Amino acid sequence: MKEAAWSVKGRWTDAERKVVMVTGANSGIGLALCTRLLAREPSLHLCLACRSTVRAEGARRELLAAHPGADVALLRVDVSDVESVYRAAQQIKQRYTRLDYLYLNAGIMPNPRINWSAYFSGLFSRNVVRMFSTGEGLLTQEDSVNEDGLQHVFTTNVFGHFILIRQLEDLLCHPDTPSQLVWTSSSNARASAFNASDPQHKKGCEPYSSSKYAVDLLSVVLNQQYNEKGLYSSVVCPGLVMTNMTYNILPAFFWTLILPIMWLIRMFTNTYTLSPKNGAEALVWLFGKKPVSLDPLVKYKSSTSGMGKNYVQADKMNVNLEDAERFFEYLIKLEAEMNEKYK
Ligand SMILES: NC(=O)C1=CN([C@@H]2O[C@H](COP(=O)(O)OP(=O)(O)OC[C@H]3O[C@@H](n4cnc5c(N)ncnc54)[C@H](OP(=O)(O)O)[C@@H]3O)[C@@H](O)[C@H]2O)C=CC1
Ligand SMILES: CC(C)=CCC[C@@H](C)[C@H]1CC[C@H]2C3=C(CC[C@]12C)[C@@]1(C)CCC(=O)[C@@H](C)[C@@H]1CC3
């Protein structure tokens, strides 16, 4: 941190204080992650990167109520708006000299619709457990286009974060003291929803699934490109968590009604973490891990057993490495266009 902008708090020196930034930190899994990180390491400097100042201030108040001595800063960024990302990156570079952890957590699933016929036929098929744990084939969304002509889901869930990382390279790449990127991906990520010729998912109706698979691809290539420079990337699935995102799929009363069924499902699949605190398990677990010990081809999944015990399950990802490289090239090209427009 640059001392001119940020005071050094009592006991900890700048070198000892880890700097952690979380996008989408004002609610759900992001906010639970912040709470748990502060409980684990009170000396952190935590920066909440959010699009709404009011909601970010609310989250900061909540965190300080639980951890009165905590050092929590706010940063305004709308990851669906590339120009806002460039502006935020400038501010970050003025405030900090390094970032130890960047949690790329902000995400959207706009206008979700349930395919009830797929749901009922899935109920009586061999795939029933997979259907309930990944939501495969059950959800469609209606996407839109932003002012740059980019797909909204792709920009929010992937590209805005990619620009942020690229702009912050100098703060993230220190070979002697590695930094970590942690993406909140999903087990809903599906290769067949992603089309390498249409990476923004302009033509399909599963932009969420496509964007999360794109995150998985990107994380793999980021490791190939940046590990030598001291930057590591991991992907996480928080499981099914009751947050604003899921309450947007079905009305709250319906979820309350089926809560006993969801507890029951937890006996068969440990992916029903349900609370944001449980959902943050894998994200918190990664915080303590040496990045070199992590497998770049693994998705770390927050899991909760039928008895309510939290743990992390490491599942090998099924990613197409050719698609990953092609996708990275696409992102670099798109970034060059945006650099020309906004830098
Ligand atoms: N809930 C679940 O079951 C699962 C969630 N996930 C992933 O977890 C992540 C967090 O979601 P979750 O906590 O569930 O849902 P929430 O809706 O509670 O959290 C999403 C966060 O992202 C922020 N956000 C959305 N759009 C933008 C934007 N354009 N710029 C900046 N911030 C933005 C939201 O801010 P605001 O309050 O302003 O909207 C909010 O803070 C997402 O990436 C989601 O895909 C993955 C698997 C399962
Ligand atoms: C649980 C019962 C009895 C009914 C609910 C059916 C669906 C609404 C539900 C089943 C599997 C869920 C699921 C998700 C959303 C809601 C379901 C489709 C996600 C796709 C939400 C976002 C994610 O990222 C995934 C990890 C979730 C996977 C499971």
Side-chain angles (χ1 to χ4, degrees), residues 22-34 48-56 58-59 75-82 84-85 88 103-110 112-116 118-120 122-123 128-141 146 152-153 155-161 164 182-190 206-209 211-212 215 235-251 254-255 257-266 268-269 271-280 282-283 299 301-302:
V22 181
T23 69
N26 59 277
S27 67
I29 296 155
L31 181 56
L33 165 70
C34 293
L48 317 182
C50 306
R51 64 174 158 178
S52 152
T53 313
V54 173
R55 286 193 286 271
L75 176 85
R76 215 200 83 73
V77 60
D78 180 342
V79 288
S80 73
D81 171 3
V82 176
S84 162
V85 176
Y103 282 93
L104 306 144
N105 167 74
I108 53 163
M109 182 199 275
R113 291 246 167 79
I114 299 184
N115 179 344
W116 287 110
Y119 175 79
F120 286 112
L123 266 187
V128 61
V129 174
R130 199 172 72 217
M131 177 182 90
F132 276 121
S133 54
T134 66
E136 184 177 315
L138 287 186
L139 291 176
T140 58
Q141 302 90 35
N146 73 7
H152 198 193
V153 174
T155 314
T156 309
N157 296 3
V158 192
F159 188 59
H161 284 123
L164 188 64
V182 182
W183 296 86
T184 313
S185 179
S186 167
S187 51
N188 191 246
R190 212 177 72 243
E206 293 182 274
Y208 182 80
S209 182
S211 72
K212 293 299 180 181
V215 160
V235 287
V236 157
C237 176
L240 176 63
V241 186
M242 301 319 298
T243 63
N244 294 340
M245 179 180 279
T246 29
Y247 282 122
N248 202 23
I249 299 173
L250 288 163
F254 182 88
W255 286 114
L257 219 61
I258 64 168
L259 201 63
I261 303 177
M262 298 210 285
W263 287 94
L264 191 70
I265 295 175
R266 207 189 240 182
F268 302 95
T269 164
T271 59
Y272 278 40
T273 50
L274 301 181
S275 76
K277 177 177 178 267
N278 294 345
L283 291 89
K299 187 173 283 177
K301 297 183 174 174
S302 301

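As the structure is a prediction and not an experimental result, all values here were calculated from the model. One-based numbering, in listed order, for ligands and for the atoms of each.
Near ligand 1, heavy-atom contacts under 4.0 Å come from G24, N26, S27, G28, I29, R51, R55, V77, D78, V79, S80, N105, A106, G107, I108, T156, T184, S185, S186, Y208, K212, P238, G239, L240, V241, T243, N244, M245, T246.
Minimum interatomic distance between S80 and T156 (heavy atoms only, all atoms of both residues): CB-OG1, 3.2 Å.
Panel note: side chain S302, backbone G279; a donor-acceptor pair is recorded below 3.5 Å. A donor-acceptor pair under 3.5 Å is formed between the side chain of T23 and the backbone N or O of N105.
The shortest distance between side-chain heavy atoms of Q141 and R113 does not fall below 4.5 Å. The shortest distance between side-chain heavy atoms of V241 and T246 does not fall below 4.5 Å. Taking the side chain as every heavy atom from C-beta outward, L139 and Y119 never approach each other to under 4.5 Å.
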**OP:** Check the pair T184, Y103 against side-chain contact (heavy atoms from CB on, under 4.5 Å), reporting the backbone distance first and the verdict last.
**Re:** CA-CA 8 Å; T184 313; Y103 282 93; 5.9 Å; no
**OP:** List the steps and the verdict of side-chain contact (heavy atoms from CB on, under 4.5 Å) for M262 and L274.
**Re:** CA-CA 9 Å; M262 298 210 285; L274 301 181; 4.1 Å; yes
Original post:
Between D78 and S84, does a side-chain hydrogen bond (donor to acceptor under 3.5 Å, both in side chains) hold up when you go through it step by step?
Top reply: CA-CA 6 Å; D78 180 342; S84 162; 5.7 Å; no
Identify the protein atoms, limited to N or O, that lie within less than 3.5 Å of an N or O atom of ligand 2, and list each pair with its distance to 0.1 Å.
from     : atom 1 : to   : atom 2 : distance (Å)
ligand 2 : 24 (O) : S186 : OG     : 2.6
ligand 2 : 24 (O) : Y208 : OH     : 2.8

